[in-house]
Amino acid sequence: MEPGETQRRPWVVGVSGASGTPYAAAVLRGLLAAGESVDLVVSRASRLTLLDETGIAFRDAHWREDLAEWLARGADGKPGTFRADLSDVRHWAAGDLAAGPSSGSYPVKGMLIVPASTACVAGVALGLSKDLLQRAASVTLKERRPLVVAVRETPLGGQTLRQLVALDEAGAVVLPASPAFYAGATHIQDLVDFVAGRVLDAAGVPHRLYRRWEGELGGGSRGDR
């Protein structure tokens, strides 16, 4: 690094195989809109979900084009809804266990797993590190950096609940992908943005994705933002 140059410190965003790829897209857009750097890890299972939910085949060799197409879509699947600057996004293949985020000496602000499947939760809670996503999460915990786990599953079984408690005790923020309705949602994107906004709240990243509660009943019904 040259003298006076600011060291890049990204947020690692891990996308696991749970349903809810629009949540990941909204979080990524929110981070980039806030001027944050992003290191992206898309698990093998999540690529199947992404293909099923959007029709996009995410390919390591063409990740930038595929990511641009993904982030441009609204939660309703309509292309060309959004625009995002990908100039400060770095992609790491899920099988690359020599990648930067696999080491505690690699400088990052923290990690957001959106959405988090129960298999992902189990792997991180048990410290399995079977792929880069799980390894990066384990490193985040051991380095005492922020880890937000946006679990997307219902109902939750006892084993998963115990694993979520273990993650909470290890310092992670367990954030179920549970949309709220007081913000006056009128479209599916509003519900998606609420969850994405809460993820960014937990990470301390500013955004304007949803209307915050201000102690006034019925405020959301007026469409205030």
Side-chain angles (χ1 to χ4, degrees), residues 8 10-33 36-75 77 79 81-103 106 108-124 128-140 145-153 172 175 177 192 195-196 199-200 203 205:
R8 182 177 181 272
W11 284 97
V12 179
V13 177
V15 186
S16 81
S19 177
T21 55
Y23 292 130
V27 166
L28 287 165
R29 288 192 298 264
L31 288 170
L32 296 174
E36 299 287 345
S37 303
V38 171
D39 276 21
L40 178 64
V41 182
V42 181
S43 77
R44 290 189 175 93
S46 71
R47 298 172 193 225
L48 298 176
T49 306
L50 182 63
L51 181 63
D52 183 54
E53 293 184 347
T54 70
I56 297 171
F58 192 92
R59 303 158 295 174
D60 288 336
H62 303 280
W63 70 268
R64 191 174 293 276
E65 297 95 319
D66 297 336
L67 180 61
E69 183 182 359
W70 178 21
L71 298 192
R73 292 184 181 233
T81 303
F82 298 101
R83 295 184 65 183
D85 181 0
L86 306 184
S87 60
D88 205 4
V89 178
R90 186 170 186 178
H91 168 259
W92 301 96
D96 185 4
L97 292 177
S102 69
S103 172
Y106 183 76
V108 303
K109 291 184 177 180
M111 183 172 183
L112 315 175
I113 304 178
V114 189
S117 66
T118 54
C120 174
V121 167
V124 176
L128 297 183
S129 297
K130 74 167 188 174
D131 61 9
L132 179 59
L133 194 158
Q134 292 184 11
R135 172 59 185 169
S138 295
V139 168
T140 301
R145 295 167 180 158
L147 174 65
V148 182
V149 180
V151 61
R152 215 305 308 162
E153 186 59 89
L175 196 151
V192 168
V195 172
V199 171
L200 296 178
V205 176

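The residues of the chain are indexed from 1 along the displayed sequence. Worth saying up front: this structure is predicted, and the values here are computed from it rather than measured. The figures that follow rest on heavy atoms only: side chains count, while hydrogens, waters and symmetry mates do not.
- In terms of heavy-atom proximity, Ala150 sits nearest to Val199 at CB-CG2, 4.2 Å.
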Steps toward side chain to side chain contact (heavy atoms under 4.5 Å, CB included) verdict (Asp39, Tyr106): CA-CA 11 Å; Asp39 276 21; Tyr106 183 76; 2.6 Å; yes
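- Taking the side chain as every heavy atom from C-beta outward, Trp92 and Val12 never approach each other to under 4.5 Å.
- Every residue two or more places apart in sequence or in another chain was checked for a side chain to side chain donor-acceptor pair (under 3.5 Å) with Arg152, and none qualifies.
- Here the closest non-hydrogen pair linking Ser102 and Ala98 is OG-C, 3.8 Å.
- In this structure, CD in Glu36 is found 3.5 Å from NZ in Lys109, a value given to the nearest 0.5 Å.
- Remark: Arg64 CZ is packed, more than 12 non-hydrogen atoms of other residues, nucleotides or ligands lying under 6.0 Å away.
- Looking only at side-chain heavy atoms (C-beta outward), Asp88 and Val38 stay at 4.5 Å or farther from each other.
- One finds the CG atom of Leu50 at 10.0 Å from the OG atom of Ser43 (value rounded to the nearest 0.5 Å).
- Legend: residues meeting side chain to side chain donor-acceptor pair (under 3.5 Å) with Asp60, ordered by chain and number and at least two apart, are Arg47, His91.
- Distance OG/Ser87 to CG/Leu32: 8.0 Å, rounded to 0.5 Å.
- Asp66 places no side-chain N or O within 3.5 Å of a backbone atom of Glu69 that could act as its donor or acceptor partner.
- The line from CG of Leu86 to CD of Glu65 is 10.0 Å long, rounded to the nearest 0.5 Å.
- Using modelled atom types, no side-chain atom of Thr140 and backbone atom of Arg145 make a donor-acceptor pair closer than 3.5 Å.
- Side-chain contact between Pro10 and Val108 is present, with heavy atoms from C-beta onward closer than 4.5 Å.
- The backbone N or O of Pro115 lies less than 3.5 Å from a partner atom in the side chain of Ser16, making a donor-acceptor pair.
- Across every non-hydrogen atom of Tyr23 and Ala177, the tightest pair is CE1-CB, 3.8 Å.
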Is there a side chain to side chain contact (heavy atoms under 4.5 Å, CB included) between Val41 and Met111 once you walk through the steps? CA-CA 10 Å; Val41 182; Met111 183 172 183; 5.7 Å; no
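- One N or O on the side chain of Arg29 and one on the backbone of Leu71 form a donor-acceptor pair closer than 3.5 Å.
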Give the C-alpha distance, both sets of side-chain angles, the deciding distance and a yes or no for side chain to side chain contact (heavy atoms under 4.5 Å, CB included) between Leu48 and Asp52. CA-CA 6 Å; Leu48 298 176; Asp52 183 54; over 6 Å; no
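- Distance alone, capped at 3.5 Å, is enough to place a donor-acceptor pair between the Thr49 side chain and the Gly17 backbone.
- Remark: the backbone N or O of Leu97 is not paired with any side-chain donor or acceptor of Arg135 at under 3.5 angstrom.
- The nearest pair of heavy atoms linking Val15 to Ser46 is O-OG, 3.2 Å.
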Is there a side chain to side chain contact (heavy atoms under 4.5 Å, CB included) between Leu67 and Val42 once you walk through the steps? CA-CA 10 Å; Leu67 180 61; Val42 181; over 6 Å; no
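- In this structure, Trp70 and Thr21 approach most closely via the heavy-atom pair CZ2-O, 3.4 Å.
- Contact of the Leu112 side chain with the Val148 side chain is registered, since non-hydrogen atoms from C-beta on lie closer than 4.5 Å.
- To the nearest 0.5 Å, atoms SG (Cys120) and CD (Gln134) are separated by 6.0 Å.
- Across every non-hydrogen atom of Val192 and Ala75, the tightest pair is CG2-CB, 3.8 Å.
- Side-chain atoms of Val13 and Leu31, non-hydrogen and from C-beta on, do get closer than 4.5 Å to each other.
- By the neighbour-count criterion of 12 heavy atoms within 6.0 Å, atom CZ of Arg83 is sparsely surrounded, having that number or fewer from other residues, nucleotides or ligands.
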